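Accompanying notes for the structure given below.
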Amino acid sequence: MNMSSPARKPIMTLYSGYDCTYSHASRIVLFEKDVDCKIEYVDSSEISEVLADLNPYNETPTLIDRELVLYSSTLINEYLDERLPHPPLMPVDPVSRARARLMVRRIYRDWTRLLPTCIGKDVKKATEARMAIRDGLTALSPVFAVQAYLLGEDFSLVDCYMAALLWRLPSCGVEMPPQAKSVSEYAHRLFSRRAFQQSLSEIERGLRQKKSA
Ligand SMILES: N[C@@H](CCC(=O)N[C@@H](CS)C(=O)NCC(=O)O)C(=O)O
C-alpha cells in the first residue's frame with residue numbers, strides 16, 4: 001500500500017503486520033506526520049523470508065529510510081519524530097521526554113504484552129490478562145476527566161501506542177466498565193482522528209465491525 005499521492009515518490013518503506021499492535025503504532029505515527037511512505041504488509045507466514053536480510057529478529061515493524069534499516073517500534077517511532085519534526089509528537093524538555101518514554105514502557109509491559117494472552121487457549125490466564133488491562137486502564141479515568149490526551153491537551157507519541165491498544169480491546173474480550181467512561185471517550189477521540197482512520201489495515205478495521213467498543 002502506497003500512502004503517498006501518485007505524483008509523490010515514497011521516501012520510506014514500513015514493513016508492517018496486517019494486525020500487529022506494534023506496527024499499528026508506527027503506522028499511526030507515519031500518518032500523523034503525513035509522510036510519503038510505502039506500507040508493505042507482510043503476512044506472518046512470509047515474515048522470515050521477506051525480512052531475512054533486513055531484521056535479525058524477523059519482526060514487524062521494520063522501517064527502511066534510504067540506507068537506514070530500523071526495527072523495534074519504539075526506536076522507529078522516536079526516529080520518525082526526530083526525522084519528521086512536524087507536527088512534534090514528543091515534549092521538548094528532558095524530564096517530560098523521560099516521563100513520556102516511561103509511559104510507553106508501561107503501556108507495553110503492563111497491557112500491550114498481555115493482548116495475545118487474552119485470546120489464548122488458557123482460559124484462566126486469559127481472564128486474568130483481561131482483568132489486568134481493564135483495571136489498569138480504568139485507573140486512568142481521572143486523567144481523561146481533566147485532559148484530552150495522555151500527556152495533556154496535545155496529541156503525542158504516547159497516544160499512538162494507546163490508540164493501537166484501545167482499538168483491540170473488544171476483539172480481545174476486554175470490556176471497559178461504566179466508571180471508565182472518560183477512557184472510552186478518550187478512545188473515541190483517538191479513533192476519530194483522520195490519521196488513525198488512515199492507519200488501519202483492512203483486517204484491523206474488521207476488528208471493530210464484529211463487536212462494538
Ligand atoms: N519489540 C518489538 C515487537 C514486535 C513484534 O513482536 N512483532 C510481531 C508481530 S506483531 C512479529 O513480527 N512477530 C514475528 C512473527 O510473527 O513471526 C517491537 O516493539 O517492534
Side-chain angles (χ1 to χ4, degrees), residues 1 3 12-33 35 37-65 68-84 89-90 97-122 125-126 129-130 132-133 136 150 156-174 190 195-196 198-208:
M1 176 190 167
M3 57 191 265
M12 298 181 191
T13 300
L14 182 81
Y15 289 91
S16 166
Y18 287 94
D19 174 17
C20 167
T21 321
Y22 305 96
S23 303
H24 192 188
S26 296
R27 276 184 268 125
I28 297 169
V29 177
L30 285 165
F31 279 100
E32 287 285 344
K33 299 283 183 181
V35 63
C37 181
K38 187 176 177 193
I39 310 265
E40 198 74 69
Y41 283 101
V42 190
D43 190 73
S44 53
S45 63
E46 54 184 19
I47 204 164
S48 49
E49 193 186 330
V50 175
L51 297 178
D53 296 330
L54 298 172
N55 179 341
Y57 306 112
N58 288 343
E59 283 177 345
T60 56
T62 298
L63 180 80
I64 315 289
D65 185 15
L68 175 70
V69 181
L70 200 55
Y71 34 84
S72 184
S73 51
T74 48
L75 300 186
I76 291 172
N77 298 342
E78 285 213 33
Y79 170 75
L80 290 172
D81 196 45
E82 289 175 0
R83 164 90 162 80
L84 309 157
L89 294 178
M90 278 289 273
R97 289 172 78 85
R99 287 202 178 113
R101 290 190 181 107
L102 192 57
M103 276 188 205
V104 171
R105 178 62 61 92
R106 294 210 56 192
I107 292 166
Y108 268 4
R109 285 186 64 156
D110 295 356
W111 304 321
T112 305
R113 197 176 50 86
L114 294 181
L115 290 178
T117 311
C118 292
I119 51 173
K121 288 205 175 85
D122 189 324
K125 280 191 179 160
R130 287 172 181 160
I133 295 173
L150 200 46
S156 77
L157 210 52
V158 187
D159 299 303
C160 298
Y161 297 94
M162 286 295 284
L165 167 75
L166 290 165
W167 184 255
R168 285 162 171 78
L169 296 187
S171 63
C172 290
V174 180
L190 296 176
F196 181 85
Q198 292 171 318
S199 75
L200 290 166
S201 70
E202 283 309 309
I203 288 177
E204 287 162 346
R205 204 171 287 282
L207 296 178
R208 284 262 170 171

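Remember, it's 1-based here, ligands and their atoms both numbered in the order they're listed. Fair warning: this is a prediction, and the values are worked out from it, not measured in the lab.
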Provide the number and element of each atom of ligand 1 under 4.0 Å from a heavy atom of Pro61.
20 (O)
Value for CD1 (Ile133) from CG (Leu115), rounded to nearest 0.5 Å, stands at 4.5 Å
Should Thr74 be listed as contacting ligand 1, given a heavy-atom distance under 4.0 Å as the test?
no
protein heavy-atom neighbour closest to atom 17 (O) of ligand 1 works out as Ile47 CG2, 3.3 Å
Which residues pass the side chain to side chain contact (heavy atoms under 4.5 Å, CB included) test with Ser156, not counting sequence neighbours?
Leu151, Val158, Asp159
Min N/O separation Tyr108 to ligand 1 under 3.5 Å
no
Out of all atoms in ligand 1, which are within 4.0 Å of some heavy atom of Cys20? Include the element for each.
9 (C), 10 (S)
Please list, in number order, the atoms of ligand 1 under 4.0 Å from a heavy atom of Ser72.
18 (C), 20 (O)
dist Ile28:CD1 -> Leu157:CG (nearest 0.5 Å) comes out at 10.0 Å
Regarding atom 14 (C) of ligand 1: of the candidates Thr112, Leu70, Val42, Asn58, which has the closest heavy atom?
Asn58
The protein heavy atom nearest to atom 5 (C) of ligand 1 is Thr60 O, 3.5 Å
Going by atom types only, do Thr74 and Tyr108 share a side-chain donor-acceptor pair under 3.5 Å?
no
Once rounded to the nearest 0.5 Å, what's the spacing between atom CG of Asn77 and atom OH of Tyr22?
12.5 Å
How far is atom 1 (N) of ligand 1 from its nearest protein heavy atom, and which residue and atom is that?
Glu59 OE1, 4.3 Å
May I have the step-by-step check of side chain to side chain contact (heavy atoms under 4.5 Å, CB included) for Met12 and Leu84, ending in yes or no?
CA-CA 12 Å; Met12 298 181 191; Leu84 309 157; 4.0 Å; yes
Which residues share a salt bridge (charged side-chain N to carboxylate O under 4.0 Å, His left out) with Arg101, sequence neighbours left out
Glu78
Which is closest to atom 18 (C) of ligand 1 by heavy-atom distance: Ser48, Ala25, Ser73, Gly17?
Ser73
